[in-house]
Protein chains: 2
Amino acid sequence: MTPQPGSAGDVLTLISAGSATTRSDLARLTGLARSTISQRVDALIERGLVEETESGESTGGRPPRQLRLHTEDHAFAGVDLGATHCRVALMDISGNVLAECEDSLLIGEGPEKVLAHVDERLDQLLGRAGRPRKALRAVGIGVPGPVEFATGRPNNPPIMPGWNDYPIPDYFEGVEVLVDNDVNVMALGEHRGAFSGAKHLLFVKVGTGIGCGIMAEGKLHRGAQGSAGDIGHIRVSGHEDAGCRCGNSACLEAVAGGAAIARRLTELGLPAESGADVVALVQAGNTQALRLVREAGRLIGEVLASLVNFFNPEVIVIGGALSRVHEHLLAGIRETVYRRSLPLATHHLSITPSRTGINAAALGAGILAIEHYLSPDNINRIVNA
Amino acid sequence: MTPQPGSAGDVLTLISAGSATTRSDLARLTGLARSTISQRVDALIERGLVEETESGESTGGRPPRQLRLHTEDHAFAGVDLGATHCRVALMDISGNVLAECEDSLLIGEGPEKVLAHVDERLDQLLGRAGRPRKALRAVGIGVPGPVEFATGRPNNPPIMPGWNDYPIPDYFEGVEVLVDNDVNVMALGEHRGAFSGAKHLLFVKVGTGIGCGIMAEGKLHRGAQGSAGDIGHIRVSGHEDAGCRCGNSACLEAVAGGAAIARRLTELGLPAESGADVVALVQAGNTQALRLVREAGRLIGEVLASLVNFFNPEVIVIGGALSRVHEHLLAGIRETVYRRSLPLATHHLSITPSRTGINAAALGAGILAIEHYLSPDNINRIVNA
DNA sequence: GCGCTTTGTTCGATTTTCGGCGGAAGTTGG
DNA sequence: CCAACTTCCGCCGAAAATCGAACAAAGCGC
């Protein structure tokens, strides 16, 4: 029922996390006998999950044979569906990108059209990487709206017309599909990529809207209805006049989101439509745009200050379109957070820009798929089959 | 190293959680053979952790022997240290209160004096319950300030002079001591008591100050520095004039805490010093006090609305001194939360008053101690010793 | 009373794990 | 270059854990 500790799955987890690269490491970490570990590793090699590489450095005796994930026979995909784009990354089992692509694609076209496009791209990327379709073990998809994670159905998403309650995984046959909110997969990717040491992390996406992915105890916190992290509609003080598409006013998103900044620039006589336009203006050195971005940072910082007191994360990562001008955004955020949060909570807090950049969501979605496949339960199932 | 699944500890966990009351249940839940389960149960009975009661209902065959925690040989204590009081509850292993007491005690007297008092009370309660000192397996202590949970040392607590970095567990000999923030143990107690079905719960204590305990995935979220849940110093809009003891202004606690309400009542010519005075005035039907409590509820609701969007809990429990007038407080909180949070997050959200009342902290601290003792790792250690 | 069902124990069989041994494969020092 | 030493790894018998079949116990229904 429950998996054995030191089971094949646990052993593989240690290998994949990089905690152990040799049989000796595994024996030390699990507490099992060396012979038992050898047996486990043999089973994993047999199943094509692990491979041996050249011997490593000797520490005075026979050098240990290095172990690593066998990257040839499996493939995973991460899909980033945005309001107007689609990115797909094909990855091997250790998270390396084999091939990727990016298209304009309107999510409003509805699930059938969009998913057909994704499916086509998957085949193309598999072809480019020279792997057969059946090598594809799992696909992660990040979508711009709330999702019931267990079933992969969007839950009243505001900007995905036609997708409500659509069972996305059912569209794909013969492959496991995991669907999550885009900020969640971005948080996951960022955590596993650059901040795996942090137990508690917030990933804040500042684009057209504003959202937040939450890592608690190293795992995604999705909340009771899967709507956790929806910080775009938290109220900020002093902006009661700013109406929001959600029906309320003074929402963070309505005053500090990319769309809001663009609108205010337009009012100032600087035509801008989207977050990208704002970024362009800032990069062109426009001081009005710069000022507004910094001011947006302060407003976001005000909300984050509350969340820092509440959640006490170790790291806050700022991503999304506007993070391309992160110096200015971060300046505003840091200024406010460090002023308004408690010293105990901010003392070891670091606020940094995203390291994964434009591909954050696709990579994170791929990692979601890989981690699902590598979960001890699943591996034990495969090995004992 | 890692405990076996279906180990004695896991078996005991199932029994203590009430998930299994017979050997058959255990076999079904763990997937182990009946004979293996019998062996485990025998070991647990041998160690005095489990006992058999009368046979249960037959379902057409031989009636199963019921199993339950053996409540005689162990005792646990929960201690609630407040700014001006000390409550101690002595409990058996299944969480029933054997004896309890309450005193006035100034925490400012310093750790030695206060802990000596606690130790004395422990002996008294053990005497009353007729259990020897060595029956006491673990003690949980809730203190009014941040604590480094792993070491049991208060971390710059604002209202505990002389306690900073004091290693509380070292004061007690021969018994394990766990120290946590008071709101954390209250959240734990409330969750285990009345809302064990909820995965994500917030416990909000509204007393002199305002704090929040966070249960995520059924476990306490303490944050990176153990300061999570410190919502008393989140800024609320429109009260820039209200200075707070933390040095900032417009903190939630400075405008909606019991002390703040009392001060405003005093300004209105109604002498009040503490949250208790406010409660008394409300209970006496004073409309000014009632209005201020309701207004405080709105302000707290404003902050909670943000946290609901961010954290998406299933339940918010309101406790602390002011919850004794919870109708008025809750009205204000509900009004604001349901207006300012997203529908998806509030749809299944319930906001309710505490069920454990005045003893919440002592009971929660006791549960902290019991759960520590009953943790699979610890039980396996005991059984295999 | 007698068959049926479910529970719990006993005990030999099976599977899993351990740990010692020896060979493999390197380093170090003379 | 060789001998001594260290570490790694597979092999295999011993030990331990677990299983499962058989049987006894205990109630129900007819």
Side-chain angles (χ1 to χ4, degrees), chain A residues 1-12 14-15 19-47 50-68 376 379-381 383-385, chain B residues 1-12 14-15 19-47 49-68 376 379-385:
Chain A
M1 181 111 320
T2 2
Q4 300 282 47
S7 64
D10 286 352
V11 166
L12 190 59
L14 290 169
I15 295 173
S19 314
T21 61
T22 70
R23 291 172 173 80
S24 290
D25 287 349
L26 290 166
R28 198 163 3 87
L29 288 170
T30 61
L32 280 84
R34 287 194 310 281
S35 46
T36 308
I37 290 296
S38 273
Q39 183 200 296
R40 293 272 188 286
V41 171
D42 286 350
L44 290 170
I45 292 176
E46 181 111 7
R47 293 282 169 176
V50 167
E51 63 185 3
E52 290 183 343
T53 65
E54 282 310 292
S55 292
E57 294 282 293
S58 163
T59 58
R62 172 175 170 175
R65 277 180 266 169
Q66 301 293 118
L67 302 172
R68 68 173 181 203
I379 293 298
N380 287 335
R381 202 176 48 70
V383 172
N384 299 328
Chain B
M1 182 111 317
T2 1
Q4 299 282 51
S7 65
D10 286 353
V11 166
L12 190 60
L14 289 169
I15 296 174
S19 315
T21 61
T22 70
R23 291 171 174 80
S24 289
D25 286 350
L26 290 167
R28 199 160 4 85
L29 288 170
T30 61
L32 278 76
R34 286 206 309 280
S35 48
T36 308
I37 291 295
S38 272
Q39 181 200 298
R40 294 272 189 286
V41 171
D42 286 349
L44 289 169
I45 292 176
E46 180 112 12
R47 294 282 169 177
L49 289 161
V50 166
E51 63 186 3
E52 289 183 343
T53 66
E54 284 309 292
S55 292
E57 295 281 292
S58 164
T59 58
R62 171 176 174 173
R65 275 181 265 170
Q66 300 292 118
L67 302 172
R68 69 172 180 204
I379 293 297
N380 287 335
R381 201 175 48 72
I382 292 170
V383 172
N384 299 330

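Chain identifiers are assigned alphabetically (A, B, ...) following the order of the sequence lines, protein sequences preceding nucleic acid strands; residue numbering begins at 1 within each chain.
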Let's see if you can work this out: which of [options] has an atom nearest to the side-chain heavy atoms of [X]?
X     : options                : value
B:S24 : D:dA26, C:dG19, C:dG8  : C:dG8
B:P64 : C:dC18, D:dT18, C:dT7  : C:dT7
B:L32 : C:dT17, D:dC19, C:dC18 : D:dC19

What's the [atom1]-[atom2] distance between [X] and [N], to the nearest Å?
X      : N      : atom1 : atom2 : answer
B:D25  : C:dT6  : CG    : C1'   : 12 Å
A:R23  : C:dG19 : CZ    : P     : 19 Å
B:Q39  : C:dG12 : CD    : P     : 16 Å
B:E52  : D:dA26 : CD    : C1'   : 14 Å
A:Q66  : C:dA25 : CD    : P     : 16 Å
B:N384 : D:dA17 : CG    : P     : 9 Å
B:I37  : D:dA17 : CD1   : C1'   : 13 Å

Between [atom1] of [X] and [atom2] of [Y], what distance do you get to the nearest 0.5 Å?
X     : Y      : atom1 : atom2 : value
B:T22 : B:Q66  : OG1   : CD    : 6.5 Å
B:L14 : B:D25  : CG    : CG    : 9.5 Å
A:R40 : A:L32  : CZ    : CG    : 6.5 Å
B:R47 : B:N384 : CZ    : CG    : 8.5 Å

Name the one of B:L67, B:V50, B:N380, B:V41 that satisfies side chain to side chain contact (heavy atoms under 4.5 Å, CB included) with B:L12? B:V50

Please determine whether a side-chain nitrogen or oxygen atom of [X] lies at a distance below 4.0 Å from atom OP1 or OP2 of [N].
X     : N      : answer
A:T59 : D:dT7  : no
A:R65 : C:dA24 : no
B:R62 : C:dC4  : no

So which one's nearest nucleotide on DNA chain C is more toward 5', B:D42 or B:G61? B:G61

Using the closest heavy atom to pick a nucleotide of DNA chain C for each, name whichever of A:T36 or A:G60 lands nearer the 5' end. A:T36

Looking for any heavy atom pair under 4.0 Å, which part of the strands does A:S35 touch: base, sugar-phosphate only, or nothing? base

Within the 4.0 Å heavy-atom criterion, would you say B:R34 contacts the bases, only the backbone, or no part of the nucleic acid? base

